Amino acid sequence: GDSVTQMEGPVTLSEEAFLTINCTYTATGYPSLFWYVQYPGEGLQLLLKATKADDKGSNKGFEATYRKETTSFHLEKGSVQVSDSAVYFCALSDRSNQGGKLIFGQGTELSVKP
Amino acid sequence: GAVVSQHPSRVICKSGTSVKIECRSLDFQATTMFWYRQFPKQSLMLMATSNEGSKATYEQGVEKDKFLINHASLTLSTLTVTSAHPEDSSFYICSATVGTAISNQPQHFGDGTRLSIL
């Protein structure tokens with residue numbers, strides 16, 4: 001079945017460092033891909049999305065490119081801030097399988113130190 | 001836009017009681033709502049999908065009689081944990097979308113409910 005795999009955390013960075021969180025997926029159809037962010041004690045917020053190959057999603061300085069050839073959707077940010085500390089979830093939604101439900105990766109905790 | 005309100009944010013109760021959690025879409029009509037459970041340091045596990053006016057569809061391994069879901073209107077879904085026990089303690093999160101599960105519309109999440117059963 002469809003699945004999402006993220007790099008394990010926690011990831012600890014200094015402020016203004018470059019961030020990459022790897023995400024790869026397995027899907028039988030043509031999924032849409034998402035990054036969600038969860039701040040402590042809160043629900044998830046949609047960070048960005050991409051619906052087809054080579055699309056780039058971007059928001060708040062974060063970006064991710066839908067790479068069909070490598071089945072990847074890595075999250076990047078050029079300069080992280082302390083306020084970016086959170087758990088980041090990569091997810092896919094596949095209309096041709098699973099009825100379009102969201103399938104999440106295991107989450108990657110990011111901690112940014114001043 | 002697309003705000004989902006979940007209530008209560010935290011509840012502590014004794015074993016054997018039933019607990020109701022509400023999920024409301026505040027500024028849109030939610031055709032489909034989802035209920036997730038999240039264990040500490042883990043990902044979200046989909047429990048069930050509910051469509052307004054019809055019975056919820058539960059994921060494999062989720063007890064229907066334990067977790068009662070009602071989606072009575074386009075803006076409200078409720079999850080009732082019946083006869084709750086300590087093993088039901090968890091973080092429960094709802095989400096809502098304007099389309100059906102198959103339409104690939106983004107899901108908008110509530111802030112979650114921390115349930116602690118003593």
Side-chain angles (χ1 to χ4, degrees), chain A residues 1-11 21 23 25 27-52 55 57 59 66 86-111, chain B residues 1-10 21-26 31-51 56-60 62 90-116:
Chain A
D2 294 357
S3 65
V4 176
T5 303
Q6 292 178 232
M7 63 186 287
E8 284 194 26
V11 174
I21 300 178
C23 171
Y25 67 90
T28 53
Y30 302 93
S32 293
L33 302 175
F34 305 86
W35 277 100
Y36 283 86
V37 58
Q38 183 179 32
Y39 297 101
E42 298 182 11
L44 276 67
Q45 300 175 26
L46 178 63
L47 183 59
L48 53 85
K49 68 174 183 177
T51 58
K52 62 183 188 297
D55 270 2
N59 185 27
Y66 189 141
V87 180
Y88 292 81
F89 291 93
C90 185
L92 70 81
S93 178
D94 186 351
R95 280 181 293 181
S96 62
N97 191 25
Q98 305 287 338
K101 299 171 189 173
L102 274 176
I103 297 171
F104 288 91
Q106 68 269 39
T108 303
E109 182 180 0
L110 170 65
S111 177
Chain B
V3 177
V4 175
S5 174
Q6 194 171 335
H7 179 79
S9 59
R10 176 180 290 271
I21 303 170
E22 291 187 348
C23 180
R24 294 181 184 273
S25 57
L26 298 185
T31 310
T32 305
M33 288 186 170
F34 303 85
W35 287 96
Y36 296 85
R37 184 172 179 175
Q38 185 180 29
F39 292 100
K41 306 280 187 186
Q42 295 188 27
S43 190
L44 282 73
M45 180 192 79
L46 180 65
M47 299 174 65
T49 303
S50 74
N51 293 293
T57 301
Y58 290 81
E59 295 299 300
Q60 193 172 9
V62 177
S90 192
F91 193 56
Y92 293 87
I93 306 175
C94 72
S95 73
T97 181
V98 295
T100 59
I102 205 165
S103 68
N104 262 352
Q105 291 294 318
Q107 292 183 26
H108 305 285
F109 286 80
D111 281 344
T113 298
R114 174 74 59 194
L115 174 63
S116 300

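Naming: A, B, ... by sequence-line order, numbering from 1 per chain. Values below: all heavy atoms of this structure, side chains included; hydrogens, waters and symmetry mates excluded. Just so it is clear, the model here is predicted, and its values are computed rather than measured.
Residues satisfying the side-chain contact (heavy atoms from CB on, under 4.5 Å) test with B:R114, not counting sequence neighbours, are B:R10, B:F91, B:S116.
Contacts between A:Q6 and chain B at a heavy-atom distance below 4.5 Å are absent for every atom of the residue. Heavy atoms of A:Y39 lying under 4.5 Å from chain B are absent altogether. Only the side chain of A:E109 comes within contact range of chain B, judged by heavy atoms closer than 4.5 Å. Only the side chain of B:Q38 comes within less than 4.5 Å of a heavy atom in chain A; its backbone stays farther off. In this structure, chain B has a heavy atom under 4.5 Å from the side chain of A:F89, while its backbone stays farther away.
Side chains of A:L46 and B:H108 form no contact here, defined as non-hydrogen atoms less than 4.5 Å apart. No side-chain heavy atom of B:S90 sits under 4.5 Å from any side-chain heavy atom of B:Y36. Using a 4.5 Å heavy-atom cutoff, the side chains of A:V4 and A:C23 are in contact. Residues B:V4 and B:C23 form a side-chain contact, since some pair of their non-hydrogen atoms from C-beta on lies under 4.5 Å apart.
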